[in-house]
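Below: the structure, in C-alpha cells.
Count residues from 1 along the sequence.
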Amino acid sequence: MADFLTDQEFRMFSDLIYTASGITFSDTNRSILESRLKEKLRDKKLENVSDYYAMLIKDSEEQKSLLDSVTTNLTRFFRNQPHFDALENYVIPELVKVKRAEGKNKLKIWSAGCSTGEEPYTIAMVMKKHLPIGFTAEITASDLSLKCLLVGKTGFYQESRVAGIPDDYLKLYFDKLNDGYQVKKDISQMVNFDYHNLKHDSKHTDFDLVFCRNVLIYFDEPAQKEVIDRFWRAMSPKSFLFIGHSESLFGMETQFKFLKTDWACFYQKGF
C-alpha cells in the first residue's frame, strides 16, 4: 500500500515539527504522523497535504494544534513507584536540609511533559504527606498539549484512572463523585498548569526538583542535549532531576551527576 505522504512531503512535515518542538519522526514512527495528518485534512476539509502545510506556515495556532495531536500522552498516577519512594525517602529530606540552611521553607518543582496531570498531582500528594510542618511545595505542570492541560486543570478522573493510587492517598486527597474522583482543593492549589514547549527556555527558574519522564525519547540526541541544558539553567544550585526509567544521560556531555539510591536512580545538581 502506498504511503499517504511522499518522501519529500514527509521530510517537510517532520522538519517543521522538529524545528518547532524537537520531536523527531523517522521511518519507524512515520505512520503516526501520516495518521494525524489524515485527521487534520478531514477536520479542515482540505484535499491535499500541501494546502495544510501552507496553512501551518501561516498559522502558529494550527502549528500548536498539530504538535498537540502528534504527542503521545500515556500516563497514570504513581507511574514508576520507585521514583516516588526515592522522592519520599531521599529527595525530600535532602531538599529540606538545603532549605533550612538557606532559611527558606518552599520547594519549587517542575513536572515537564505533565500530560493530563497525574504526575504533578502525584508529586503534590507525596509532598503534602511527607514535607515537615511549615514547608510548602509549588508545582509547575507544563505540556505541549492544550487538551491535556485542560484535563489536568479540572482535576477530575474517572474511576479507572485512579487505579494506581494507594488507598490512603485516595481517601486523603480525593473526593468521590458519582462517576469518578475529584482532586481536593488543597492539592489542586499546589499545582499550576501552563503551556510550555521544551524547545524554549522556561520562564521560571530556581526549581529544586524537575520531573521529565518519558519525554526525551521523542527527541534526537542534539534536541535531548538542548532540553537537558535548559533544565540545568532553570534549576536551583542544589536540585534533582528525574527522567524516565528507559531514558539516560549516559554519553551526554552534561554537568548533572548520576545518583543511585536504595529506591531509584536519578540525577543531581550541586550536591
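Salt bridge annotation for Arg230-Glu226: present, with a cationic side-chain nitrogen under 4.0 angstrom from a carboxylate oxygen. Checked for salt-bridge contact, Lys225 and Asp229 meet the test: a charged N lies under 4.0 Å from a carboxylate O. Using a 4.0 Å cut-off between charged nitrogen and carboxylate oxygen, Arg30 and Asp7 count as a salt-bridge pair. Between Asp51 and Lys44 there is no salt bridge, since no side-chain N of the basic residue sits under 4.0 Å from a carboxylate O of the acidic one. The existence of a salt bridge linking Glu94 and Lys238 is excluded, since no basic side-chain nitrogen approaches an acidic carboxylate oxygen closer than 4.0 Å. We find that Arg79 and Glu118 are not joined by a salt bridge, their nearest charged nitrogen and carboxylate oxygen being 4.0 Å or further apart.
If you chain together hydrophobic residues whose side chains sit under 4.5 Å apart, Leu150 and Tyr157 never meet in one group. Val183 and Leu177 end up in different hydrophobic clusters when Ile, Leu, Val, Met, Phe, Trp and Tyr side chains are linked at under 4.5 Å. Ile187 and Phe156 fall into different hydrophobic clusters, where Ile, Leu, Val, Met, Phe, Trp and Tyr are joined by side-chain heavy atoms under 4.5 Å apart, directly or via other members.
In this structure, CD1 on Ile243 lies 9.5 Å from CZ on Phe256, to the nearest 0.5 angstrom. To the nearest 0.5 Å, the span separating CG on Asp167 from CG on Leu172 amounts to 11.0 Å. Ile92 contributes atom CD1, which lies 13.5 Å from atom NZ of Lys99 (distance to the nearest 0.5 angstrom). The structure places CG of Leu241 at 11.5 Å from CG of Leu259, a figure rounded to the nearest 0.5 Å. Put simply, CD1 on Ile139 and CG on Leu107 are 9.5 Å apart, with the number rounded to the nearest 0.5 Å. Taking CZ from Arg36 and NZ from Lys38, the interatomic distance works out to 11.5 Å, rounded to the nearest 0.5 Å.
The only member of Tyr169, Tyr121, Phe174 that meets ring-ring contact (aromatic ring centres under 6.0 Å, His included) when paired with Phe77 is Phe174. Checking Phe242, Phe250, Phe258 one by one against Tyr267, the ring-ring contact (aromatic ring centres under 6.0 Å, His included) holds for a single residue, Phe258. Applying the ring-ring contact (aromatic ring centres under 6.0 Å, His included) test between Phe211 and each of Phe266, Trp110, Phe84, Phe240 identifies Phe84 as the sole match.
Looking only at side-chain heavy atoms (C-beta outward), Asn105 and Pro132 stay at 4.5 Å or farther from each other. Inter-residue side-chain proximity for Val49 and Met12 is flagged as unmet; no heavy-atom pair is nearer than 4.5 Å. For the pair Leu87 and His83, the minimum side-chain heavy-atom distance is 4.5 Å or more. The shortest side-chain heavy-atom distance between Met125 and Phe78 falls under the 4.5 Å cut-off. Residues Phe4 and Leu41 are in side-chain contact: their nearest non-hydrogen atoms beyond the backbone lie under 4.5 Å apart. Within the 4.5 Å cutoff, the side chain of Ile228 has heavy atoms near those of the Leu216 side chain. Within the 4.5 Å cutoff, no side-chain heavy atoms of Leu37 are placed close to those of Glu9. Looking only at side-chain heavy atoms (C-beta outward), Phe25 and Val70 come within less than 4.5 Å of each other.
In this structure, Glu247 contributes its side chain and Val215 its backbone to a donor-acceptor pair below 3.5 Å. Proximity of a side-chain donor or acceptor of Ser35 to a complementary backbone N or O of Ile32 within less than 3.5 Å is not detected. Without hydrogens or angle criteria, Ser21 side chain to Tyr18 main chain gives no donor-acceptor distance under 3.5 Å. Side-chain atoms of Thr116 do not come within 3.5 Å of backbone N or O of Gly152 as any donor-acceptor pair. Checked by atom type and distance alone, the side chain of Glu138 never pairs as donor or acceptor with a backbone atom of Lys108 at under 3.5 Å. Within the 3.5 Å criterion, the main-chain N or O of Leu146 finds a donor-acceptor partner in the side chain of Asp68. Listed for the Asn89 side chain is a donor-acceptor partner under 3.5 Å among the backbone atoms of Asp85. At distances below 3.5 Å, not a single donor-acceptor pair connects side-chain atoms of Glu88 with backbone N or O atoms of Val126. Judged by distance alone, with hydrogens and angles left aside, the side-chain atoms of Asn192 form no donor-acceptor pair with the main-chain N or O of Thr140 at under 3.5 Å.
Shown here is Lys176, whose NZ atom has more than 12 heavy atoms of other residues, nucleotides or ligands within 6.0 Å. In Gln158, the CD atom is crowded: over 12 heavy atoms of neighbouring residues, nucleotides or ligands sit closer than 6.0 Å.
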key: Test log, rule side-chain contact (heavy atoms from CB on, under 4.5 Å), inputs Val96 and Arg100   = CA-CA 6 Å; Val96 166; Arg100 280 180 171 152; 3.6 Å; yes

task = Evaluate the side-chain contact (heavy atoms from CB on, under 4.5 Å) criterion for residues Tyr218 and Asn29: first the C-alpha distance (whole Å), next the side-chain angles of each, then the deciding distance (0.1 Å), finally the verdict.
result = CA-CA 10 Å; Tyr218 298 105; Asn29 58 358; 5.8 Å; no

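The cationic group of Lys104 does not satisfy the cation-pi geometry with Phe135, failing either the under 6.0 Å distance to the six-membered ring centre or the 45° limit from the ring axis. No cation-pi contact links Lys257 to Phe271, judged by a cut-off of 6.0 Å to the six-membered ring centre and 45° from its axis.
Under the 3.5 Å distance criterion, with hydrogens and angles disregarded, no donor-acceptor pair is assigned to the side chains of Ser145 and Asp143. Judged by distance alone, the side chains of Ser236 and Asp208 do bring a donor and an acceptor atom under 3.5 Å apart.
The minimum heavy-atom distance linking Ser111 with Ile123 is given by the pair CB-CD1, 4.4 Å. Here the shortest heavy-atom pairing between Ser246 and Asn214 reads OG-OD1, 4.2 Å. Taking both residues in full, the closest heavy atoms of Tyr52 and Glu62 are given as OH-OE2, 2.6 Å, listed atom of the first, atom of the second, then distance. Phe219 approaches Gly22 most closely through the heavy-atom pair CD2-O, 3.0 Å. The shortest heavy-atom contact between Ser239 and Phe207 is CB-O, 3.5 Å. Pairing each heavy atom of Met127 with each of Leu209, the nearest pair is CE-CD2, 4.0 Å.
Listed by first then second residue, pairs satisfying side chain to side chain donor-acceptor pair (under 3.5 Å) with a partner in residues 179-189 number zero, not counting sequence neighbours.
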